[in-house]
Structure formats: structure tokens, C-alpha cells
Amino acid sequence: MAEQSQAYTLYHPAVQRWIYQRGWDRLRDAQERAAELIITGERDVIIASATANGKTEAALLPICSVLAHKQDLGVGAGVAVLYVSPLKALINDQYDRICDLAGALDLVVHRWHGDAPAAGKARVLRTPAGLLLITPESLEALLVRHPDRIRRIFGGLRYVVVDELHSFAGTERGAQLQALLHRVEAAAARRIPRVALSATLGDYAGAAEFLRPRHGSQVAVVASTEPGGEIRLQVRGYLQPAAPAVPEKEPADRAAIADHLFQTLRGTDNLVFANSRAAVEVYADMLTQRAVRSGLPATFLAHHGSLAKEVREHVEQRLKDSATPVTAICTSTLELGLDVGTVDSVAQIGAPPSVAGLRQRLGRSGRRPGRPAVLRVYVAEPELTAGLSPTDALRAELFQAVAMIELLIASWYEAPDTAGLHLSTLIQQVLSATVQHGGATAAQLFDLLCARGPFHRVDRPTFAAVLRDLGRHELLEQQPGGLLLPGREGERLLAHYSFYASFRTSMDYRLVADGYTLGSLPVDRPILPGTFLIFGGARWRVISVDSAQRVIELTAAEAGRPPVFPGTGGEVADEVRRAMHRLYRSTAVPRYLDATARTMLAEGRAGFHAYGHATSRIFAQQAETVLFPWRGDRIMNTLAVVLATHGLTVGQDGLAITVGNCSPTQLRELIRKLAAGPAPEPDALAATVRAKVHDKYDRYLSEEVLNRAYAARALDVPGAWATLVELTGA
DNA sequence: GACCTGCTGCGGCCTG
């Protein structure tokens, strides 16, 4: 290998030996190209490569080579590598793999998360060394609880590794991670090279800017050019019956989808992504019924975030075990790179939530050499009846699914949203940093977190306003000399372990059957004893509800209904809506559609033209006026807010904005007037919106600051005005 | 009509 590989020659002899012992005949593309960049450590690096392409090794082989050389020189104290991962389960998977490599080099590996053994954590505090695998929340806890040890632990840090970068970018948790890494660097008093790993990045510039805020252009991107494997793709169409289904009976479309899943997937390992926990329960139940009727063992298992850890681990274990075929019906819980072995195929019921998510889901299949990745997408559309509206006739679900597949084929993914101010997480970081430093002045905090830190989009006046809000709510109090310390409410928040997470979780009821916890259920309306329930893919009856202990007791039953999970909607990207619009105007028929889906595509296009969508975007629909902007949800939301400020009764219905008290002519006139005038200030527009409390600590923010946060998170005024100009021709 | 993630210290009990 040495002759062909430049990277190999750069590795430490002990690393070379480790590779030799593995019997590798070559290094992967990303491993080859990342080695020198990482070893010199001059630049931060993003390694973008498909799942199972050796990303972890691409980062760790050169990093461990550097550590081994340092060790040869007898240099080094403290943790050398900080490896941050979004999931405890991922840390556990990686821990075993990394121990193998590190063990060969006499490097110590520690894992630190909520379920990790306490002995390892004590050892990190006592004699910090080697590689530390940790979650953002545990790193937060470490900084808050052991401020006096931070310099000793991280003073000699050589590298930071961020796994699954895409799962952090643009989120509150991502803002927390940025702040934590920045605070670690501040403690070490130098820049520490960052290496990030991801399989689905559509926008390298955005990801780079996320990894190194304000200096994204200096981040090196190693995007693997290894060809992805073959993909076998099918979109299957199903007709929803027009009449409402009889409650206890399976609707015809769901029954047909379940029949096909059962016939196609039985006896093999598969993942079925059903988009919601309720749908997971419905399909797990329908497939189990089919297995029972056929006298087959239960091999269709539910997996989602409300199921107990033990239940989920059982499913994961059965997936890993290649001897017994299992199909997991899941939400996004099995989307990330959890090691569940490899599956024969992936199914997606309904349009996927995002193109990046679809790519990630597809990556779970086709990991065996020579086997293609298999993806089946099931889409149900309503039966066409007389008196259809311009909205109904479009078969929007199918068009969204196909548009997303086309974007996937073109390697387009949603860019991380870098516009947000993340003020809720800023509040958390202000409190945390104040404790870590034993008090801080407003100027020090602004400098640490905003001016030089990741919250650089928060200007000085906004930061000052946030601090005033924190003072008003007693999260902070100011000493006579100007030093800020946690106030009464701040101490209360810091005292509870829930402080370490940047996100909020609801109070749930625990579901218990025969003393065994099945999972938890967020309950909005009271659940009464006697209620039938489907949960964990099985049928139950509620025996008792203990609202003090928040426990619901269940017993096995013959009947059942899926529970209602509350939830808020996601955001469809602008490019997806544009791709849908192109698809309606095109005549191309993708080869991966089955006969029904092909008919539905033709029907959708016929509806598009018959109702005049090709030439107009504003229609009368019964007593209402409907507007089709063909834009992403953020622009749709902005348009809806703008129209509402002009006294219109506005609603949103998928692709359309509905207006209750205005004729098409009046709406066209208003749009013409708006497009000709100046765009409003985003903050002023946000002031007209009612419910703006969104994230964990938003409730401490004053109206004025909340407006700024809402404008940054939910409004796109320039995009909306460009759309209004376009709509004047409609 | 989405989804997901994570967190400590300590008291009490059991076992070797």
C-alpha cells in the first residue's frame, strides 16, 4: 500500500501497522485526501462522504498519528482529542471502534454521557488524557460543574472532532455546540483545529461557516468523489377512498400499502420510515396483524422517540443480528448513523420531510458490496371526485415526493439555516459562562459570546436588551462594581440538571404494562381508563391513570387506536417548492413511477393546467380567494403575516395561502400596491405576530427582543417582496 | 400535519 498511498506514508508506524493488521488493501478517497490537511492542523476540515465510507478513520488515523508522535516525544498532558457526538448510542458504537485503534497506540479513550459509567468521568477529572467522546450536554455540565479543572483538562487539547455535523448546523443545539467549543478554546487560549464529519451536506459554505463562525472561508472541505452505489428507486401510488373510512376498519390505501410492505419485506431486514409516531404505530399494528394471520413470528417492530430505551434497544439489537430478519417501522430515530447493521431496503411512506433526511434514510440501505440501495416511496392521494378545488386537483404529496427525489438525484440538499439569532441558547450560555468564570461583566460576556464568539449576529443593543430582560427576571444580578452573577431564578435553573440541554421537553406520562415501562406519551387531553391504545406496535387497554405520578397502566387488549401525539410542523425549503412548480410544467415522466403513480402525475399536471395554474396564481375558491406563491414555507409565512397586517383573514393550506374576506381582484390590487412600495422592517412585521415564544428560554425575553428573534427565524422579507413582484404578473 | 436529541448528585439498598 505504501507505494500507492501518500496518506499511508504520513501515518505513524504504529498506525500503519494497525492498518496492515486489518488487511486493508487501500485507503478510501476521503482518508487519502484528509490526512495531510489534518496532520498539519493549519486548517479546519470538513469530511463529507457517504455513510460507511470510513469517515471516522479519515479523521482519526491522522489525528492518532500526531498523538503517537507526541507520545514518542514524551509531550502532552490533558485531553488531546475532544470528540463531540449528537447521540449517546453513537458514542457507544464509536467507543468500541476507537478503543481498538487507540489501544494499539497506547492512547486512552473515555466516553462521557448521561449513561456512561461514573468511574471513567472521575478518571477524566483526575488524570485527563487521550480521547474524550462526549455529548454537548455533558460538555456543558463539565464546564459548569468543574470550572477549576477546565484549563487542566483542555489546556493541551490538539483536536476537536464533530460527528454528524449536519444534525447540529442551524439548530439551537448547534449554537450551543459552537459556544462550547469557543469556550474550550478560550480556556486553552489558542485556536484548536476542528474536524467535522457528515454524509449529507448540500451547502459546504454554510457548513464551513457553522464549523468556524466568521471564518468559514478558511475551512477545507474534503468531499469524497467515490461514486455512490447503485440506487433502485420506486414510487408507488395508492388511492384514498373518497368516503370517510369506518373507524375500526383499515382505510383501503393504508391496507394496500401494508399488504405490499408485508409481501415484499417479510423475511428480510428493512427500515420503514413513516414520518410520524402515530403512523409508525398504525403500520406496525397492521403489519403485525398480517404476520399473525399468516402464522408468522412478529418481525415488524415499532421504533420511535416515545418508546422506552429498552424497547428501542431490543429492536436495534434484532436489526444488528443478521440471523433473524426484522423490519423496523420508525420515525427519524433510525435516520442517523446508528450501527444497526445493514438493511436490504428502505421504505418511505408519504413525501419525506426533507431531501437531506431522504438521503440519510437511503444511506441505511445498500451498504453491502455489490448490492444496490433500494428505496420504495409509498404515496396515497385522494380519489378524484366532482367539485374539486384548485388545491385538491394538484396531487401535491406525489409532486413533493418526486420533486425531492429529483433534487436528491441532483445531489441537492437543504442548506443549514444560519439566519437565526438563537437567543434562547444565548441566555443559557450567558448563565453558564457566568458560573464558569465566577462572575463576568457585560462587556466580557459580549466579547466572549458575541463579538468574538458564535453569536456574532447579535449586536450590542440586542445583547444589552437581553441582559436587561435577564436582570428583570432575576436570572442575573449585578454587583456594585458591574460584575454579573446568577440571580435567584438563575440559580434555580442552574441547580437542575435540565439546564444542560438547549432544548425543552414536555412532561410525559409513563406507559406501564405488567410493571414494564413501554415508553412515554405526551398527553394534552386527559386519557380515561378503558381507552384502547396502540403503542409499541401492540394493542392495549388503559386500566388506570395516575396524574400525580404521571403513570398510565395498561393491559393487553384485542382492539386499539393509535395515540395522538402533539407536534409542530416542519419547514419545506424554497427550492423544493420551485422544483415542484417545474415538475407541474414539465412533461417528463420519471421511470421510477409505478402505473398508479404515473396516472397520478398525469392527473396532477392535468389539474394544474385545467384550473389555470400555468397562467395564474390567484383563484376564487368558493367564498375564499386562494394564492399560490410556489415558494418555501418561510416566504409563505412572511406573505401570510403581511396580508394579515392589511386586515385580511389569512390561512395556510399546504401550497396555498387562503384569504377569507377579499376577492381575487382586490387581492391582485393589494399585491400590486405592496410590491410597488418599500418592504417593511422585519422587526416591525414580527411585532404584528402573536405567538412568538418558541425555544426553551424565550419566555424571559421582552417583546422587542422576541420580535428580532422571530424576524430572524421565521421571516424572509426580501424573499417575500421578490415573490410579490412576481405575483403582480399573476 | 412532522421528528429528534440530552442532563447531576446523592441517598438508599444490595452484594462480596
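Below, read A as the first sequence line, B as the second, and so on, with proteins coming before strands; counting in each chain starts at 1. These numbers were taken from a predicted model, which means no experiment stands behind them. We use all heavy atoms of the structure for the numbers below, so side chains are in, but hydrogens, waters and symmetry mates are not.
- Close to B/dC3, at under 4.0 Å from its OP1 or OP2, lies a side-chain N or O of A/Arg277.
- In this view, A/Arg173 and A/Glu137 satisfy the salt bridge (Lys or Arg N to Asp or Glu O under 4.0 Å) rule, not counting sequence neighbours.
- Atom CG of A/Leu180 is separated from atom C1' of B/dC7 by 13 Å (rounded to the nearest Å).
- Residues passing the side-chain hydrogen bond (donor to acceptor under 3.5 Å, both in side chains) test with A/Ser138, sequence neighbours excluded: A/Thr135.
- As rounded to whole Å, 9 Å separates atom C1' of B/dT5 from atom CG of A/Leu336.
- Within the structure, the salt bridge (Lys or Arg N to Asp or Glu O under 4.0 Å) test picks out the following pairs touching residues 412-431 of chain A (sequence neighbours left out): A/Asp417-A/Arg634.
- Here A/Leu87 pairs with A/Leu90, A/Leu336, A/Leu338 under the side-chain contact (heavy atoms from CB on, under 4.5 Å) rule; sequence neighbours left out.
- Side-chain contact of A/Glu383 with A/Gln240: a donor-acceptor pair under 3.5 Å is absent, judged by distance alone.
- As judged by a 4.0 angstrom heavy-atom cut-off over every strand, A/Ser276 is placed among residues touching the sugar-phosphate backbone only.
- Against DNA chain B, the stretch residues 85-95 of chain A makes heavy-atom approaches under 4.0 Å through A/Pro86, A/Leu87, A/Lys88.
- For the pair A/Asn275 CG and B/dG1 C1', the computed distance is 10 Å after rounding to whole Å.
- For the pair A/Phe503 CZ and B/dC7 P, the interatomic distance rounds to 9 Å; values are reported in whole Å.
- Among residues two or more places apart in sequence or in another chain, the salt bridge (Lys or Arg N to Asp or Glu O under 4.0 Å) test is passed with A/Glu575 by A/Arg582.
- Legend: residues meeting salt bridge (Lys or Arg N to Asp or Glu O under 4.0 Å) with A/Arg359, ordered by chain and number and at least two apart, are absent.
- With sequence neighbours left out, the ring-ring contact (aromatic ring centres under 6.0 Å, His included) criterion links A/Phe499 to no other residue.
- The stretch residues 347-357 of chain A touches DNA chain B through A/Pro353, each having a heavy atom under 4.0 angstrom from the strand.
- The shortest distance between the side-chain N/O atoms of A/Thr333 and the OP1/OP2 oxygens of B/dC4 is not below 4.0 Å.
- Within 3.5 Å, no donor on the side chain of A/Ser502 pairs with an acceptor on the base of B/dG6, nor the reverse.
- Residue pairs satisfying the salt bridge (Lys or Arg N to Asp or Glu O under 4.0 Å) criterion with at least one member in residues 82-91 of chain A, sequence neighbours excluded, are listed as follows: A/Lys88-A/Asp115.
- Residue A/Arg510 places its CZ atom among 12 or fewer non-hydrogen atoms of other residues, nucleotides or ligands, all under 6.0 Å distant.
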side-chain hydrogen bond (donor to acceptor under 3.5 Å, both in side chains), that's the test. Do A/Glu140 and A/Gln429 meet it? Break it down for me. CA-CA 9 Å; A/Glu140 185 79 64; A/Gln429 292 302 307; 2.8 Å; yes

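- Rounded to an integer number of Å, the gap from CZ of A/Arg111 to C1' of B/dC7 is 17 Å.
- Per the geometry, CD1 belonging to A/Ile329 stands 16 Å off P belonging to B/dC3, to the nearest Å.
- Residue pairs meeting the salt bridge (Lys or Arg N to Asp or Glu O under 4.0 Å) criterion with at least one member in residues 492-505 of chain A, sequence neighbours excluded, are A/Glu489-A/Arg492.
- Residue contacts shown for A/Arg361 are absent, as no nucleic acid heavy atom lies under 4.0 Å away.
- The nearest whole Å value for the distance from the CD atom in A/Glu164 to the P atom in B/dC4 is 17 Å.
- Residue order along DNA chain B, read from the 5' end via each residue's closest nucleotide, puts A/His303 first among A/Phe499 and A/His303.
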Spell out protein contact along nucleotides 8-16 of chain B as letters: B when the base is contacted, S when just the sugar-phosphate is, - when no protein heavy atom is under 4.0 Å; keep the 5' to 3' order. BS-------

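- Per the geometry, CZ belonging to A/Arg173 stands 9 Å off C1' belonging to B/dC4, to the nearest Å.
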